[in-house]
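Down below is the structure, laid out as structure tokens.
Note that these values count all heavy atoms, side chains included, but never hydrogens, waters or copies made by symmetry.
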Amino acid sequence: YVPYPVISGFLSGIGLIIIILQLSPLLGGETYSSTIKAILSYPDLLRNINLQTLVLGISTLGILFFTPKIITKYIPSQLLALIIMTGVSYYLGFDVEKVAGVTFSVPHTFMPAYSIEIITKYIPLALTLAFIATSESLLTGIIMDSLTKVKHNSKRLVFSQGIGNLFCALTGSMYGTAATMRSVAAVKTGATTKTAAILSSLIMAVVLFKFTGFISQIPICVLAAILIKIGYDILDLKVLKVLKYAPRDDLYVLIAVLGLTVFYNLIFALGAGIVLAALLYAKRVADNTQIKTNTYNPSDYSPLETKVERDSHYKIRILHIDGQFFFGSITQIVSHFDELLETEYIILNYSSNSELDMSAIFALEDIIVRLQAQRIKLYLVVANEKVFKQVQSLDIMPQIGADCLFSDETAAINQAITNTHLEKIIE
């Protein structure tokens, strides 16, 4: 139930946070933990730019953005830039701030002392931390679902986090959660499987144990440039192609979530975005009393539709979306297309007079991809002229095919019948 503008504003906000915080060390300034403090430091920073850090940073960005894909196929551009620019800084003797004081040791295990007094005193604090950690992890799961198009198992996520934190307690370590920023950064740099998190930890342990000498020579400005590139990759730039088709309500939500994420609090931004989206949608429904209750109802068939499906042995299926195709109805609509077996053609009839919002546009694109993976041809029927023109203007039309968009359901049925060579249905 999280609408796309909220996710888009949240992701872009994370990307902007990274970029804003890393511009200062890129130019030779201090590293800040607050975006507001970082922005306020820019005037003084621009008057006192360290040219050596600027050269290293710009050169790092050049490697990150322009390394040929034939090279990045075998070695990540981030690792390549880190090695090359650290070597350049070391051999040219640049006077820039470096990573220093890196130490590594294996933690010792111990059994905590328990008593009734300790348990009663710290249970409320433990429950508070557990709630915060669980919320952070589930939030990360939502963001990862939108990026990877794979539904996460929330119960397994929380259970494994609990097991991990038990081991943290046995070593006196801080508790941990799924981290949104690092998870998004990992996906954007090429991570595709669950083993990426495990390999990341193992590689980090090896690097800290064996290569502390190299790490201590890494310039902070090089790391800042790498993080700026990651922040740029996190920005949801694909949303720009649908902004002019989106309702103003979606833009208000996106801008609000973006601003709150960057300048206030990530968790609050997500909650405020969901609430704002719900309120604005409720207002939209109230302003247009003719909008029907949003349901997905493929059972209300005409005799012709029933005959077509039965006589084609369900190679042709006719589906209706009654009401508005919006973010609240996307989940059940999209999931329905995973259950269609032995189907060759789907005629999707969208009869609502309401234009598609941003969430619906991307959901329609998701439906097309899913059906293509199942070798199912989609015929989209849009009766409303205004909505028909909106769909025609979308960038997803090449995926559907101009000959697969109809304003009349009968024409779509006849086309599917012709392609399946079912003469007896035509009769």
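- Using a distance-only test at 3.5 Å, with no hydrogens or angles considered, a donor-acceptor pair links the side chain of Gln52 to the main chain of Asp95.
- Heavy-atom minimum distance, Val6 versus Ile274: CG2-N, 3.9 Å.
- Evaluation of the ring-ring contact (aromatic ring centres under 6.0 Å, His included) test over residues 356-386, restricted to residues two or more places apart or in two chains, returns Tyr4-Phe362, Tyr345-Tyr379, Tyr379-Phe406.
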For this session: Walk me through it: do Leu82 and Leu223 pass the test side chain to side chain contact (heavy atoms under 4.5 Å, CB included)?
Result: CA-CA 7 Å; Leu82 186 68; Leu223 293 178; 3.8 Å; yes
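- Between Thr177 and Thr134 there is no side-chain heavy-atom pair separated by less than 4.5 Å.
- Smallest separation of non-hydrogen atoms from Ser8 and Leu254: OG-CD1, 3.7 Å.
- In this structure, Leu240 places its CG atom where more than 12 heavy-atom neighbours from other residues, nucleotides or ligands lie under 6.0 Å away.
- Of the possible polar contacts, one joining the Ser41 side chain to the Ala38 backbone as a donor-acceptor pair under 3.5 Å is found.
- Here Leu56 contributes atom CG and Leu92 contributes atom CG; the two are 8.5 Å apart, rounded to the nearest 0.5 Å.
- Put simply, the side chain of Ser89 never gets that close to the backbone of Met85: no donor and acceptor are under 3.5 Å apart.
- Leu21 is listed as a side-chain neighbour of Thr35, based on a closest heavy-atom distance under 4.5 Å.
- Residues Gln161 and Asn165 are in side-chain contact: their nearest non-hydrogen atoms beyond the backbone lie under 4.5 Å apart.
- Other residues, nucleotides and ligands contribute over 12 non-hydrogen atoms within 6.0 Å of the CZ atom of Phe110.
- For the pair Ser24 (side chain) and Glu30 (backbone), a donor-acceptor distance under 3.5 Å is present.
- Shown here is Phe65, whose CZ atom has more than 12 heavy atoms of other residues, nucleotides or ligands within 6.0 Å.
- Here the side chain of Thr86 pairs no donor or acceptor atom with the backbone of Ile83 at under 3.5 angstrom.
- With rounding to the nearest 0.5 angstrom, the NZ atom of Lys229 is 10.5 Å from the CD1 atom of Ile234.
- Side-chain contact check for Leu170 versus Met111: some heavy-atom pair is nearer than 4.5 Å.
- The CG atom of Asp250 sits 11.0 Å away from atom CD1 of Ile255, with the distance rounded to the nearest 0.5 Å.
- Other residues, nucleotides and ligands place more than 12 heavy atoms under 6.0 Å from the CD1 atom of Ile163.
- Annotation: Phe167, atom CZ; neighbour count of heavy atoms from other residues, nucleotides and ligands within 6.0 Å does not exceed 12.
- Residues Val99 and Ile220 are in side-chain contact: their nearest non-hydrogen atoms beyond the backbone lie under 4.5 Å apart.
- The line from CD of Gln22 to CD1 of Ile230 is 9.5 Å long, rounded to the nearest 0.5 Å.
- Nearest heavy atoms, Leu260 versus Ala272: CD1-CB, 3.7 Å.
- Cys221 and Leu26 get closest at one heavy-atom pair: O-CD1, 3.8 Å.
- Distance alone, capped at 3.5 Å, is enough to place a donor-acceptor pair between the Thr140 side chain and the Ala178 backbone.
- For Asn153, the CG atom counts as densely surrounded, since its 6.0 Å shell holds more than 12 non-hydrogen atoms of other residues, nucleotides or ligands.
- When side chains are defined from C-beta on, Leu64 counts as touching Thr60, because their heavy atoms get closer than 4.5 Å.
- Between the Asn50 side chain and the Gly29 main chain, no donor and acceptor come within less than 3.5 Å of each other.
- Across all non-hydrogen atoms, the minimal contact from Leu27 to Thr53 is C-OG1, 3.3 Å.
- Not one N or O on the side chain of Ser200 forms a donor-acceptor pair closer than 3.5 Å with the backbone of Ala196.
- Scanning for side-chain contact (heavy atoms from CB on, under 4.5 Å) contacts around Leu258 gives Ser12, Leu16, Val262, with sequence neighbours left out.
- One distance of note links CG of Leu348 with CD of Glu409; it measures 10.5 Å at 0.5 Å rounding.
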For this session: Could you go through the side chain to side chain contact (heavy atoms under 4.5 Å, CB included) check for Leu45 and Leu23 one step at a time?
Result: CA-CA 10 Å; Leu45 181 64; Leu23 279 176; 5.7 Å; no
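- Between Val381 and Ala412 the shortest heavy-atom distance is CG2-CB, 3.7 Å.
- Using a 4.5 Å heavy-atom threshold, the side chains of Asp249 and Val253 count as separate.
- With a 4.5 Å cut-off on side-chain heavy atoms, Tyr42 and Ile20 count as touching.
- The environment of OH in Tyr232 is sparse: at most 12 heavy-atom neighbours from other residues, nucleotides or ligands sit within 6.0 Å.
- Atom CD1 of Ile376 and atom CD1 of Ile346 lie 4.5 Å apart (nearest 0.5 Å).
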